[in-house]
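What follows is a short report on a single structure.
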Amino acid sequence: MNGSGRVSPQEIADTLRERIRTGRLKAGDRLPTQAELAEEFGVERGTVRQALHALREDGLLSNHGKGSPPRIAAPPPAREEPQPTMVGLAPRLTEAFAPAQVRVDAVCLTAESLMLALSEPVRHIHEGRIRPESVDLRLLLPSREINLAFPVPVDGRENNDDDPVHERWLAMRNAQARVLRHNLLALRATHGIDVRVSFRALPFTPPVKLYLLNGEEALIGYYMLTRREEEWESRTLEMYDALGSQSLLFSFVKRDGRRERAFVEESQKWFDALWETITSDLTLS
């Protein structure tokens, strides 16, 4: 009970959660009526309604008809294990391209993973398996003007002047973004799809990669730094870099529960605010 001696909606919800957890209430069982719950806990029906609303937000109650008590929802399927970006992103994007209006927002270090993964839904469009009416992609990539946190040369240069590691990253960023834009814009001519592709320049190095699909799913992956060597223009470059294609993607889907919904909504708000704040378009040269 709270300080007033009355049972709060949170306490009622917690009691019902415990009954579900221990199996006293099983999937498919009907809850007691609001009147019965109000009598059991010694509260008004409005307090019971608030408790039931919290359980619905958690996905613990199934939809119910007007006037009848809700049923205990079946437990959601086990969350898929995080997958490497190159494995998990393409099928998620293909699902995201099924609706008539498609919106993809992304923040990443380069466009490599997104460029490669988009080839899957594009192939499905060419095969006639999906046919969106519009595709709107917004991509935030680091500006060429900033000193990146990674990749950086092992010898620790202080700026981008005559830095082959930065030059290599910039060439990759530009080439991948151009290919991505070309492949999507080509859908205008081949299938009459309204396509918009926009790039803006981040003033910082993103510590994570984030993909937002139709405002319904958020995929986040953490960049893991490693020391490695790469050949570039007849030189061997030693650098600290992140292999983004190997980053594990964690999926959050709005329909999976209140916490997942909150994460997706807050991630979308953060991206939208950042997009509006940044006024510099990305220069692919």
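In this text, all values refer to a predicted model and were calculated from it rather than measured experimentally.
- A 4.5 Å side-chain heavy-atom check between Val253 and Val264 finds every atom pair outside the cut-off.
- Side-chain atoms of Arg103 and Gln268, non-hydrogen and from C-beta on, do get closer than 4.5 Å to each other.
- In this structure the side chain of Val152 never reaches within 4.5 angstrom of the side chain of Val165, judged on heavy atoms.
- For the pairing with Leu118, the side chain to side chain contact (heavy atoms under 4.5 Å, CB included) check across Val104, Leu137, Asn183 returns one residue only, Leu137.
- For Arg123, the CZ atom sits in a packed shell: over 12 heavy atoms of surrounding residues, nucleotides or ligands are nearer than 6.0 Å.
- Residues Arg6 and Thr47 have side chains not in contact (no heavy-atom distance under 4.5 Å, counting atoms from C-beta outward).
- With a 4.5 Å cut-off on side-chain heavy atoms, Ser113 and Met86 count as touching.
- When atom types are taken as modelled, the side chain of Arg19 and the backbone of Arg24 share no donor-acceptor pair closer than 3.5 angstrom.
- Counting heavy atoms from C-beta outward, Asp281 and Ser198 have side chains that stay 4.5 Å or more apart.
- Side-chain atoms of Asp272 and Arg138, non-hydrogen and from C-beta on, do get closer than 4.5 Å to each other.
- The neighbour count for Glu18 CD, taken as heavy atoms of other residues, nucleotides or ligands under 6.0 Å away, is above 12.
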**Message:** Could you walk me through whether Phe41 and Val48 satisfy the side-chain contact (heavy atoms from CB on, under 4.5 Å) test, starting with their C-alpha distance in whole Å, then the side-chain angles of each, then the deciding distance to 0.1 Å, before giving a yes or no?
**Reply:** CA-CA 9 Å; Phe41 291 101; Val48 171; 5.6 Å; no

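- In Arg259, the CZ atom is not crowded: 12 or fewer heavy atoms of neighbouring residues, nucleotides or ligands sit closer than 6.0 Å.
- For the pair Ser247 (side chain) and Tyr222 (backbone), a donor-acceptor distance under 3.5 Å is present.
- Contact of the Ser251 side chain with the Arg92 side chain is registered, since non-hydrogen atoms from C-beta on lie closer than 4.5 Å.
- A tilted orientation is assigned to the rings of Trp169 and His166, their planes being inclined by 30° to 60°.
- Atom CZ of Arg178 has more than 12 heavy atoms from other residues, nucleotides or ligands within 6.0 Å.
- In Glu40, the CD atom is crowded: over 12 heavy atoms of neighbouring residues, nucleotides or ligands sit closer than 6.0 Å.
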